Amino acid sequence: MAKINQNFLKLPGGYLFPEIGRRVRAFSAENPPMPLIRLGIGDVTQPLVPVVIEAMTKATAEMGVKETFRGYCEETCGAYDFLRFAIQNDYRARGVDIDDDEIFVSDGAKSDCGNIGDIFDVDNVVAVCDPVYPVYVDTSVMAGRAGDYDAVNQRWTKLHYMPCTADNDFTPAIPDKKVDMIYLCFPNNPTGAVATKEQLQKWVDYANAVGAVILFDSAYEAYITDPAIPHSIFEIPGAKTCAIELRSFSKTAGFTGTRCAYTVVPKALERDGANLNKLWNRRQSTKFNGVSYVIQRAAEATLTPLGKAQTGETIRYYLRNAQTIKKGLAEAGLTVYGGDNSPYIWASTPSGTDSWSFFDKLLKEACVVTTPGAGFGPSGEGYIRLTAFGDAQATEEAVRRIQGIL
């Protein structure tokens, strides 16, 4: 008889966002309410910018001509040179020197966040922020690194949780024990918090001192408005010997349905006698066939001056939504965080209300979909997350509805 990976059976219930979808569908089926406004799942709503459409149209036409047709991408790291060089130049504009063969293009930061664990031993101790993007935890469980689930404390026994609360400005403290893999996400999903250069320097120094690896998710770096906040972990001295950075075009350029991202693995990063750049290259070349030529051309277009100008306007559109939500919820009496350097707003629930109950209240009474903080971990209880990726008018209406029931 074929045996299965028993770690999958340890996962309690379903993944957070499908569970939200199930509740929304059940409510909609039983009630023909006013139109739902979705501020829960972080999916974008604005169309791809013109320069991207032009690039995709041109690349699609090239695929219909023998002389310009492309099949498998046989270039370095599964990415065409034109996109790797464009990404490399984007880093250089911020004073960060990355070699082109340190850049690996993929179909999403979510994929890479989970798949990066393939190159690490199962016995590594994983540190995660709490609250946390569920993928970091769930893929650790699937790999067998999380231990057993403690239902009383709502924690996995082998994971090292780093509480991020209002008391510490939602920034984790350096572990008081040795850990091996550290997931950091800034600007943070779900809290919207950012990290200063001084804070990140402490993490880099710690990781280099104990031989840990920082898995730095900077998928939302384009939303940083404060010039003092670093956009990349590689702006921090010493990061190339301890960090891997994961980025995405999903929220930066609206590629949630187009799918393109990249991960930077420095060649200077070595652990346990092995070079992690070579290991990741081996993993990707074996398990992944790359992102299509058409999509890579679209991604390249977003990194041109015109592409940055056009996608920048879309980012500002979403940031205005974030301010609308933040201001409106504060006026309704909630304590609100995030939204300034992030597309996420982290709001406290009314006193004594748990996050799933408040989620249900907003769904059933205001027809507004949010995300309950408890879905992000124990320290997420008592909060909800709202995204700024909706339509501006719908966002304003959602705020009015929430104010109306509070």
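These numbers come from the heavy atoms of this one structure, side chains and all, not from hydrogens, waters or symmetry mates. This structure is a prediction, so every number in the text was calculated from the model and none was measured.
- Asn341 contributes a side-chain N or O that, together with a main-chain N or O of Asp226, makes up a donor-acceptor pair within less than 3.5 Å.
- In this pair, Phe249 and Phe255 present their aromatic rings tilted. The plane angle is within the 30 to 60° band.
- Side chains of Tyr91 and Glu102: a donor-acceptor N/O pair is absent below 3.5 angstrom, by distance only.
- A donor-acceptor contact shorter than 3.5 Å links the side chain of Tyr317 to the backbone of Ala392.
- Using modelled atom types, no side-chain atom of Tyr293 and backbone atom of Cys73 make a donor-acceptor pair closer than 3.5 Å.
- Considering Asn277, Asp99, Asn275 in turn, Asp99 is the only one that fulfils the side-chain hydrogen bond (donor to acceptor under 3.5 Å, both in side chains) rule with Lys267.
- For Gln46 and Asp391, the side-chain atoms include no donor-acceptor pair closer than 3.5 Å.
- Nearest heavy atoms, Tyr136 versus Thr139: O-OG1, 3.6 Å.
- Here Phe186 pairs with nothing under the ring-ring contact (aromatic ring centres under 6.0 Å, His included) rule; sequence neighbours left out.
- In this structure, CG in Asn281 is found 12.0 Å from CG in Leu276, a value given to the nearest 0.5 Å.
- In this structure, OG1 in Thr370 is found 11.5 Å from CD1 in Ile345, a value given to the nearest 0.5 Å.
- At least one side-chain heavy atom of His160 sits under 4.5 Å from a side-chain heavy atom of Asp176.
- With salt bridges taken as basic N to acidic carboxylate O contacts below 4.0 Å, none links Arg400 and Glu331.
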Given the rule in the side chain to side chain contact (heavy atoms under 4.5 Å, CB included) test, do Thr256 and Lys251 qualify, once you have shown the distances and angles that lead to the verdict? CA-CA 7 Å; Thr256 54; Lys251 309 301 169 40; 3.8 Å; yes

Please test Val141 against Tyr149 for side chain to side chain contact (heavy atoms under 4.5 Å, CB included), starting from the C-alpha separation and ending with a verdict. CA-CA 9 Å; Val141 175; Tyr149 187 65; over 6 Å; no

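- Around atom CG of Asn5, more than 12 heavy atoms belonging to other residues, nucleotides or ligands sit under 6.0 Å away.
- The NZ atom of Lys308 sits 6.0 Å away from atom CG of Leu303, with the distance rounded to the nearest 0.5 Å.
- Dense packing is recorded around CZ of Arg297, with more than 12 heavy atoms of other residues, nucleotides or ligands lying under 6.0 Å away.
- Nearest heavy atoms, Cys260 versus Ile295: CB-CG2, 3.8 Å.
- When atom types are taken as modelled, the side chain of Asp169 and the backbone of Thr171 share no donor-acceptor pair closer than 3.5 angstrom.
- There is a side-chain donor-acceptor pair under 3.5 Å between Ser250 and Arg259.
- Counting non-hydrogen atoms of other residues, nucleotides and ligands closer than 6.0 Å to CZ of Arg94 gives a total above 12.
- In plain terms, the two heavy atoms of Leu279 and Ala274 that are nearest each other are CD1-CB, 4.0 Å.
- Under a 4.0 Å N-O distance rule, the pair Glu62/Arg70 does not qualify as a salt bridge.
- The heavy-atom pair separating Thr311 from Ala253 by the smallest distance is CG2-CB, 4.0 Å.
- When all heavy atoms of Phe288 and Ser106 are compared, the closest pair comes out as CE2-CA, 3.7 Å.
- In this structure, Asn168 contributes its side chain and Pro163 its backbone to a donor-acceptor pair below 3.5 Å.
- Between the side chains of Tyr344 and Tyr220, a donor-acceptor pair is found at a separation under 3.5 Å.
- The neighbour count for Lys10 NZ, taken as heavy atoms of other residues, nucleotides or ligands under 6.0 Å away, is above 12.
- Note that CD1 of Ile119 is 11.5 Å distant from CG of Asp272, once rounded to the nearest 0.5 Å.
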Using the rule given for salt bridge (charged side-chain N to carboxylate O under 4.0 Å, His left out), can you reason through Asp43 versus Arg38, listing the C-alpha separation, both sets of side-chain angles and the distance that settles it, and then say yes or no? CA-CA 9 Å; Asp43 195 5; Arg38 299 176 183 270; over 6 Å; no

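- For Pro230 against Ala195, the heavy-atom pair with the smallest separation is CD-O, 3.4 Å.
- Using a 4.0 Å cut-off between charged nitrogen and carboxylate oxygen, Asp180 and Arg271 do not count as a salt-bridge pair.
- Atom CD in Glu381 sits 7.5 Å away from atom CD in Gln154 (nearest 0.5 Å).
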I'd like to know whether Tyr183 forms a side chain to side chain contact (heavy atoms under 4.5 Å, CB included) with Asp217, so could you lay out the CA-CA distance, the side-chain angles of the two residues, the decisive distance to 0.1 Å, and finally the verdict. CA-CA 7 Å; Tyr183 280 100; Asp217 184 349; over 6 Å; no

Is there a side chain to side chain contact (heavy atoms under 4.5 Å, CB included) between Thr252 and Thr302? Walk through the geometry before answering. CA-CA 9 Å; Thr252 302; Thr302 71; over 6 Å; no

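- For Tyr383 and Phe376, the gap between ring centers reaches or exceeds 6.0 Å.
- Under the 30°/60° scheme for interplanar angles, the aromatic rings of Phe82 and Tyr80 are found to lie parallel.
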Yes or no on salt bridge (charged side-chain N to carboxylate O under 4.0 Å, His left out) for Glu396 and Lys327, after CA distance, side-chain angles and deciding distance? CA-CA 11 Å; Glu396 292 172 358; Lys327 180 175 181 291; over 6 Å; no

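- Judged purely by atom type and a 3.5 angstrom limit, Thr371 uses its side chain to pair as donor or acceptor with the backbone of Gly40.
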Go through the steps for Glu397 and Arg401 under the test salt bridge (charged side-chain N to carboxylate O under 4.0 Å, His left out), then give the verdict. CA-CA 6 Å; Glu397 172 62 19; Arg401 292 184 189 179; 3.2 Å; yes

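- Taking 4.0 Å as the cut-off between side-chain N and carboxylate O, Arg155 and Asp130 count as a salt-bridged pair.
- We find the CG-OH distance between Asn289 and Tyr72 to be 5.0 Å, quoted to the nearest 0.5 Å.
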